[in-house]
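Keep in mind it's a predicted model, so treat the numbers as computed, not measured. All values below come from the heavy atoms of this structure, side chains included, with hydrogens, waters and symmetry mates left out.
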Amino acid sequence: MTTTTADSDLPAICRVNQLPAHVGSTVTVQGWLNNRRSSGKLLFLQLRDGSGTVQAVLYKGAVEDSQFKELDALPQESSLEIVGEVKEDARSPGGVELSVTAVRVVGLAEPYPITKGVDTDSTAFLMDHRHLWLRSSRQAATLRIRSRVIKAIRDFFDSDGFTCVDGPIFTPAACEGTSTLFEVDYFGDPAYLTQSSQLYAEAAAMALGKVYTFGPTFRAEKSKTRRHLTEFWMVEPEVAFARLDDVMDLAENFLVSIISETIGDCRADLELLDRDCDKLLKMVRPFPRISYDEAVEMLNDNGHPFEWGNDFGAPDEEVLTKLFDKPLLVHRFPAQVKAFYMKRDPDDDRVALCVDVLAPEGYGEIIGGSERADDLQFLLDQIKAHDLPQEAFEWYLDLRRYGTVPHGGFGLGLERMVAWLCGTHHIRECIPFPRMLHRIYP
RNA sequence: UCCCCGGUAGCUCAGUUGGUUAGAGCAUCUGACUGUUAAUCAGAGGGUCGUUGGUUCGAAUCCAACCCGGGGAGCCA
């Protein structure tokens with residue numbers, strides 16, 4: 001419980017989720033009117049404060065008749081300070097309720113657009129009202145889980161000797177073509193919003209050993225699927241002297257840590273979202289690891305013809321992930337479908353030392369990582385073969401000129417991770433204000 | 001960029017051989033009710049049927065173009 005400052009005449013303020021500890025006390029609850037029901041001389045005000053909702057019971061006569069009448073007609077989402085005694089009552093949702101002695105209307109609301117008939121099928125309407133939709137219980141729960149996932153991510157790396165070194169948002173040149181980059185005017189020259197901090201993370205790893213970057217990422221792809229945003233958050237660890245097996249171990253430990261940490265603190269929110277936490281807690285090490293070659297074989301064995309050399313599409317991933325009940329690690333893809341900076345497998349020059357982590361239940365690729373090419377001449381050849389401007393990469397090539405070492409890392413898409421954890425169908429609900437094709441408001 | 005679906009009240013939707021004044025639930029407004037749980041009950045207001053053009057005596061309904069949105073593919077995290 002905290003004490004008030006501005007309105008010190010009111011009893012101590014209590015958040016809704018703390019009310020059970022204050023049965024018998026008179027407290028103030030600050031929040032918004034979630035719902036209202038009346039029964040003649042009896043009025044039920046359901047108040048939401050971000051930590052939960054509580055039912056406040058008001059008898060006619062407890063306040064002046066004129067105020068009772070005003071409260072009996074109060075629009076949804078009006079903001080209130082309610083003073084009342086905390087009482088246990090089995091008839092109240094949540095077990096405790098407020099027996100009201102005073103109410104202050106802080107802000108009278110206009111008729112609220114999101115009404116009972118609006119459900120999650122009304123996508124365009126809810127997206128246009130995203131700023132209000134956040135007030136619904138499912139959206140608020142999702143954002144609390146997102147916040148906890150972010151903390152779990154930072155805690156995992158911070159407690160394992162990693163240094164957080166965020167990459168720049170403005171970048172000078174494309175690392176993989178400009179078609180998927182957002183161009184901005186940078187004092188007369190073109191610049192681009194970052195679509196990965198990986199190259200910068202590699203530079204930082206040569207200075208600090210173990211680093212991670214965490215920030216927004218921008219992709220100008222015109223993707224319209226439940227797995228895509230044009231602006232999303234990505235965490236990218238990078239470790240000097242790490243080999244592909246180390247990268248896969250790190251990814252596994254990382255995912256298990258996020259799941260257990262988040263469930264530890266957010267079980268109620270996950271259950272509100274109808275997510276089966278026990279099922280998630282079965283995601284323990286080791287995760288299945290298969291090579292691309294084995295994956296191709298599995299696809300063909302399961303009546304899903306697939307030719308070696310192609311990248312997996314969403315339907316291919318679905319077939320593969322349905323064969324397992326844990327995240328699936330697929331490693332050593334054909335180099336031709338992967339980025340120029342990935343190291344080749346010394347045992348098979350056709351494949352790259354890379355790994356994709358595919359989440360179960362159709363959430364797709366949540367992690368992509370690799371061991372990086374550490375040989376200067378190989379990178380020079382790759383840049384030429386990919387038709388990239390070498391001068392833009394001189395700084396990156398310097399990392400191979402001045403004490404090159406094996407190293408690797410991966411990137412995890414935050415919203416895809418949160419969507420999988422929450423069981424949310426579309427990742428747009430897993431970021432406060434999603435940016436998509438056709439969507440930049442609010 | 002390609003494929004599929006849609007656009008009727010603030011919201012969700014119904015509305016076909018083309019035919020009076022376009023309906024329902026929720027929301028809003030008015031009233032009733034001393035334990036409601038998405039409260040209930042009675043009444044009221046609320047519409048450029050996405051836009052433009054065409055066919056027709058007559059179009060929400062049929063045709064065309066366009067606009068907007070949704071789902072998926074590709075690409076990716």
Is the base of [N] touched by the side chain of [X] through a donor-acceptor pair closer than 3.5 angstrom?
{"X": "A:H228", "N": "B:rC75", "answer": "yes"}
{"X": "A:E97", "N": "B:rG35", "answer": "yes"}
{"X": "A:Y59", "N": "B:rG35", "answer": "yes"}
{"X": "A:S223", "N": "B:rG74", "answer": "yes"}
{"X": "A:R37", "N": "B:rC33", "answer": "no"}

Name the nucleic acid region contacted by [X], choosing base, sugar-phosphate or nothing; use a 4.0 angstrom heavy-atom cut-off, strictly under.
{"X": "A:P75", "answer": "nothing"}
{"X": "A:R226", "answer": "sugar-phosphate"}
{"X": "A:Q55", "answer": "base"}
{"X": "A:G364", "answer": "nothing"}

Expressed as a whole number of Å, how far does the [atom1] atom of [N] sit from that of [M]?
{"N": "B:rU40", "M": "B:rG6", "atom1": "P", "value": "33 Å"}
{"N": "B:rU56", "M": "B:rC63", "atom1": "P", "value": "16 Å"}
{"N": "B:rU8", "M": "B:rA44", "atom1": "P", "value": "26 Å"}
{"N": "B:rU61", "M": "B:rG54", "atom1": "P", "value": "14 Å"}

Taking atom types as modelled, is there a side-chain donor on A:N35 or A:Q46 under 3.5 Å from an acceptor on the other?
->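 Side chains of A:N35 and A:Q46: no pair found under 3.5 Å.
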For A:P111 and for A:D89, find the nucleotide of RNA chain B with the closest heavy atom, then tell me which residue's nucleotide is more 5'.
->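 Its nearest nucleotide lies further toward 5', so the answer is A:P111.
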On RNA chain B, nearest-nucleotide positions of A:K60 versus A:Y112: which is more 5'?
->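 Checking each residue's closest nucleotide, the 5'-ward one belongs to A:Y112.
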Under a 3.5 Å cut-off for both distances, is B:rU1 Watson-Crick or wobble paired, and to whom?
->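 Result: B:rA73.
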Kindly state whether the ring of A:F393 and the ring of A:F340 have centres lying under 6.0 angstrom apart.
->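 Yes, close enough.
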Can you check whether A:F44 stacks with the B:rG35 base, using ring centres under 5.5 Å and planes within 30°?
->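 By the stated criterion, A:F44 and B:rG35 do not stack.
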